[in-house]
Structure formats: C-alpha cells, structure tokens
Amino acid sequence: IADQIRKGAVDKALIQRFETRIVALEPAGRRAVLKVINDLHAMLDKNQRQKLVELLESHFHGRDHRRGHKKHFDEIAKQLSLSSQQKGKIFDIIKQSFKIGFKQRWNQYKKLHQGFERASEAFISDQFDATREPIFSWIHQHKRKLLKKIPATMQQILPLLDNDQRQKLA
C-alpha cells in the first residue's frame, strides 16, 4: 500500500485484499482485546475497578471528540507540509467521506454512551465477561464500516499531494 501511495494512486484490488486480510484477522484481535479486559477485571478488586471506571469517565466526559480528530489532522498536515489550500481541500474530502447526518450521529452517540454505561456497571461488579457486552461488538462493526471508506477517500486525496508529501505519507 505504501508503494501505491508513493505512486499517487491506490489500486482498489490491493486495498480489497488488505481489507479482506484485516477482516480475517479481526476476530483473533477482538478475542485478544476482550481477554485483556477480562484479565484486568480479574486482577482488580471492586474498589480498584470503580476507580478505573471513574478515571475513564472523567477523561472522556464533556470532551468534544471532533476537536481531537481536527488536532490529529493538523499534526499530519504539519508533518506533510501541506499548504493551506491543500489542507482545506483534504479536510473537506475527509469530512464529506465520513459525513453522517445529525440524527444518525446523535443515535450513534446515544448507543455508544449507553453501551459504555452498561459495560462500566458490569465491569465494576464481581461478575463480568467482556464477550457478553454488546458495545465491544458494535465498536468493531463501526470500525469495519469506516475502513471500507478509506480507499475512495485516498483516491481523492493522493492527486492533491506532491511527490515529497506522498513519500512522507507512505
């Protein structure tokens, strides 16, 4: 894929093979993550689990995650030495590629929030099994949907980059 980026065009068949490989590896990765969460639960006592949940909630509560994405984009733009014109065009492409309606975004947020609330309560309790928490499955499905949008987005972005920027990106 890096070679394709350097050349300035992404072969859709190559991306499809890459996506197929990631999807094939995903169950093992998911099982490993869930095992780590279960192991962490087993290592901590109830008070420690409560403190961990409170710490995570305080970290994420009230955060505007869009600002985090914009900050990450700005860091990449700086590393690639994008002009302000390139930066604006690329940001618009990314926004359009991953755009969803307000109602859909609100529903996703509610589902995510409710899922984390339920998982947090379960994690604090003495009986917990991460494999039984639907939020973890939903997150993986959501990531898979996002992954499918990357090839078309890259096809639009690569022509806007000069050779040096494509080399850095690769």
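All residue numbers in this chain count up from 1 along the given sequence.
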Salt-bridge test for K168 and D162: reply yes if a basic N is under 4.0 Å from a carboxylate O, no otherwise.
-> no
Shortest non-hydrogen pair, L169 vs L80, comes out as N-CD2, 3.6 Å
Aromatic ring pairing F128/F123, orientation class (parallel under 30°, perpendicular over 60°, tilted between) | perpendicular
CD1-NZ distance between I157 and K89, expressed to the nearest 0.5 angstrom | 13.0 Å
Without hydrogens or angle criteria, can the side chains of Q165 and Q86 be said to hold a donor-acceptor pair below 3.5 Å?
-> yes
The reported gap from CD1 in I90 to NZ in K95 (rounded to nearest 0.5 angstrom) is 14.0 Å
Give the minimum heavy-atom separation between N38 and A130, together with the two atoms involved.
-> OD1-N, 2.8 Å
Does a donor on one side chain sit under 3.5 Å from an acceptor on the other, for Q50 and E54?
-> yes
M43, L34: one ILVMFWY side-chain cluster at the under-4.5 Å cut-off?
-> yes
Could you tell me whether the side chain of R49 and the main chain of S125 form a donor-acceptor pair under 3.5 Å?
-> yes
Between A119 and E133, which heavy-atom pair has the shortest distance, and what is it?
-> CA-OE1, 3.6 Å
Would you say Q85 has more than 12 foreign heavy atoms packed within less than 6.0 Å of its CD?
-> no
Charged N to carboxylate O under 4.0 angstrom, D39 versus K35?
-> yes
So do K87 and D74 actually touch side chain to side chain, heavy atoms under 4.5 Å?
-> yes
D3/R6 ion pair, N-O < 4.0 Å | yes
Would you name the heavy atoms of R166 and G8 that are closest together and state the gap between them?
-> CD-CA, 3.3 Å
Determine whether the side chains of Q167 and N163 contain a donor N or O and an acceptor N or O closer than 3.5 Å.
-> yes
Looking at H41 and D126, what are the two nearest heavy atoms and their distance?
-> CE1-O, 3.3 Å
